[in-house]
Amino acid sequence: MNKSLRGVSLIAAIMFLALLVNATFNYGFRSKGLNDDPSNRRVTDSQFNTDRGSILASNTPIAQSVAVSGNRFSTQRTYSNGALYAPVTGFYSYIYGRTGLEQSYNSQLSGQDDSQFFSRMIDEATGKNPQGATVQTTINPAVQQAASDALGGRTGAVVAYDYTTGAILGWVTSPSYDPSQLSSVDLPATQTAWQNLVGDPSNPISDRATQQIYPPGSTFKLVVASAALENGKSAASTVSSPVTLPLPNTNRVLPNAVNCGGSTSTIDHALTVSCNTAFANLGMELGADKIRAQADKFGFESPFTGDFTSATSTFPAQLDASQLAMSSIGQYDVSATPLQMAVVAGALANDGNLMQPYVVSEVRDRNLNVLTKHDPQSRGNAVSKETAASMQNMMVHVVQSGTGTATQIAGQTIGGKTGTAENLPGASDYSWFAGFDKEHHVALSVFLANPNQAGSATGNATVAAKRVFQAVQS
């Protein structure tokens with residue numbers, strides 16, 4: 001009898017121990033994941049009725065919770081100038097979950113992060129309503145507005161950042177949408193708004209700045225020129241630049257959109273006037289492996305991660321000679337986000353050092369105590385200081401006397417590279433500009449899917465870039 005009781009007691013003890021271990025594990029290791037899971041409706045119901053923290057651009061709330069009454073919810077998420085900041089904030093929806101900073105900083109904004117444990121305990125003990133933390137972004141409202149104005153309603157994107165730290169100053173996509181439509185406590189209206197957004201052929205909910213990749217056109221020549229300099233050539237090295245170039249093993253001929261100035265050209269001059277045949281020949285001379293290795297050092301083939309995650313920019317594998325020639329001018333299957341091309345320009349302007357892009361500088365609790373603070377991080381040297389210095393000079397020549405003269409600003413050292421990329425047959429070519437303002441430590445990329453889109457401002461990406469540079473200086 002005693003033996004049986006001991007056996008039952010032992011089994012019961014083991015079961016209680018298992019329950020304790022399971023509860024401890026779930027609380028200690030799974031609670032954050034469960035709280036952050038948008039499909040967890042119990043958590044969603046709770047969080048949707050809490051005082052969610054604000055997201056700030058400078059001192060202005062661009063996302064905040066306001067009190068409401070008359071339905072099952074006590075608060076509603078609102079977005080000031082929502083369409084302008086949508087790619088940064090994302091949306092916070094009861095039905096459709098979260099995107100952007102609303103997702104990546106959900107635990108802090110909802111007050112459930114480990115760093116807020118003691119604050120939660122104090123609130124519970126004193127009977128205060130839980131309150132989320134404030135997320136401070138690096139966005140400069142003047143730069144953000146100038147970038148939006150520069151797009152002029154045209155389909156495209158702008159990314160501008162401080163290349164010495166990685167802090168993103170402007171992050172704009174067009175067309176855009178108002179996240180408030182999806183955060184409404186009127187759930188039927190939210191569903192209607194969602195259906196309208198996903199059914200819109202202009203795809204306003206898409207973030208073209210960091211989540212979409214496009215052929216970068218001649219802005220990719222910055223990568224090819226960098227590879228050449230890193231592999232023993234100089235800005236004064238010459239390369240064949242015929243008027244047209246028969247592509248190997250094809251019946252196609254690559255033309256030049258400009259007069260390259262003769263049958264040969266220096267790399268400096270070829271970049272200044274954007275000579276296609278020169279860079280196609282240079283790429284075939286270097287070989288795909290050297291160009292791919294250089295692209296990888298700039299961030300291709302690996303997404304930018306941290307407080308957001310970008311799409312992956314790519315340089316194609318298994319290229320034949322003609323495909324390599326086209327890839328060397330940013331065509332064929334080369335694809336990049338506007339963020340990626342801004343980073344290429346920024347790394348060159350920063351003496352070769354590539355800084356990790358970020359958009360959140362710090363997170364503060366309700367008492368303004370700093371919970372987390374971002375420290376700038378380097379991803380390593382994309383090129384040597386010597387190569388970077390030479391590339392900076394060549395990019396300045398592009399703006400001074402080449403294809404980027406529309407970006408000139410009196411008294412400022414502006415460098416960059418223009419780009420025109422072929423689109424689908426019958427569609428407008430893409431227009432690009434990637435460059436830097438040396439005095440203000442800002443690099444940017446402008447992408448226009450349709451530069452002369454009807455009903456909007458005219459002008460290519462260089463004109464738009466100048467407006468953003470001017471906003472940085474004001």
Side-chain angles (χ1 to χ4, degrees), residues 32-33 36-38 52-57 62-63 77 79 82-93 96-110 113 132-141 143-144 147-148 157-163 165-174 176-177 179 182 204-214 298-313 335-344 346-347 354-363 371-379 443-445 447:
K32 184 178 187 300
D36 286 346
D37 186 350
R52 190 172 178 84
S54 298
I55 301 175
L56 305 180
I62 55 177
R77 201 66 166 163
Y79 298 85
L84 179 63
Y85 293 100
V88 182
T89 62
F91 59 77
Y92 180 64
S93 172
Y96 302 106
R98 305 174 293 264
T99 60
L101 294 183
E102 293 281 27
Q103 168 60 21
S104 57
Y105 281 83
N106 178 63
S107 61
Q108 293 93 334
L109 289 166
S110 63
D113 194 68
T134 296
V135 172
Q136 178 68 59
T137 73
T138 59
I139 298 295
N140 181 323
V143 174
Q144 188 80 355
S148 178
V158 177
V159 177
Y161 81 116
D162 183 333
Y163 59 73
T165 64
I168 295 178
L169 307 175
W171 175 355
V172 172
T173 184
S174 175
S176 188
Y177 70 103
L182 302 178
I205 207 166
S206 175
D207 174 15
R208 294 168 174 83
T210 70
Q211 300 302 316
Q212 300 294 321
I213 54 176
Y214 308 93
F298 279 119
F300 281 72
E301 306 302 337
S302 60
F304 294 104
T305 59
D307 45 28
F308 67 93
T309 300
S310 71
T312 301
S313 301
S335 297
T337 62
L339 170 66
Q340 174 65 77
M341 297 317 299
V343 167
V344 170
L354 193 160
M355 301 301 294
Q356 172 70 35
Y358 69 98
V359 73
V360 172
S361 57
E362 62 183 23
V363 179
L371 301 176
T372 59
K373 186 178 181 66
H374 182 89
D375 293 321
Q377 298 176 348
S378 171
R379 286 180 52 140
L444 59 72
S445 173
F447 164 73

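Using modelled atom types, no side-chain atom of Gln108 and backbone atom of Val135 make a donor-acceptor pair closer than 3.5 Å. With Gln103 contributing its side chain and Phe308 its backbone, the two residues share no donor-acceptor pair below 3.5 Å. For the pair Glu362 (side chain) and Leu371 (backbone), a donor-acceptor distance under 3.5 Å is absent. With hydrogens and angles ignored, the 3.5 Å screen pairs a side-chain donor or acceptor of Asp307 with a backbone N or O of Val359. Using modelled atom types, no side-chain atom of Thr99 and backbone atom of Gly90 make a donor-acceptor pair closer than 3.5 Å. A donor-acceptor pair under 3.5 Å is absent between the side-chain atoms of Thr165 and the main chain of Pro376, judged by distance alone. A donor-acceptor contact shorter than 3.5 Å links the side chain of Ser361 to the backbone of Gln136. In this structure, the side chain of Thr138 engages the main chain of Ile168 through a donor-acceptor pair within 3.5 Å.
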Test side chain to side chain donor-acceptor pair (under 3.5 Å) on Arg379 and Ser302; report intermediate values, then the result.
CA-CA 12 Å; Arg379 286 180 52 140; Ser302 60; 3.2 Å; yes

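The two residues Pro179 and Ala83 come nearest to each other via the heavy atoms CD-N, 4.3 Å. Nearest heavy atoms, Leu182 versus Tyr177: CD1-CE1, 4.2 Å.
Annotation: Phe447 is in aromatic contact with Tyr214 [ring centroid separation under 6.0 Å].
Considering CD of Gln340 and OG of Ser445, their distance stands at 9.5 Å, rounded to 0.5 Å. In this structure, the separation between CD on Glu301 and OG on Ser313 is 8.5 Å, given to the nearest 0.5 Å. Atoms CZ and CD, from Phe304 and Gln356 in turn, are 7.0 Å apart once rounded to the nearest 0.5 Å.
Considering only heavy atoms from C-beta on, Trp171 comes within 4.5 Å of Asp207 through its side chain.
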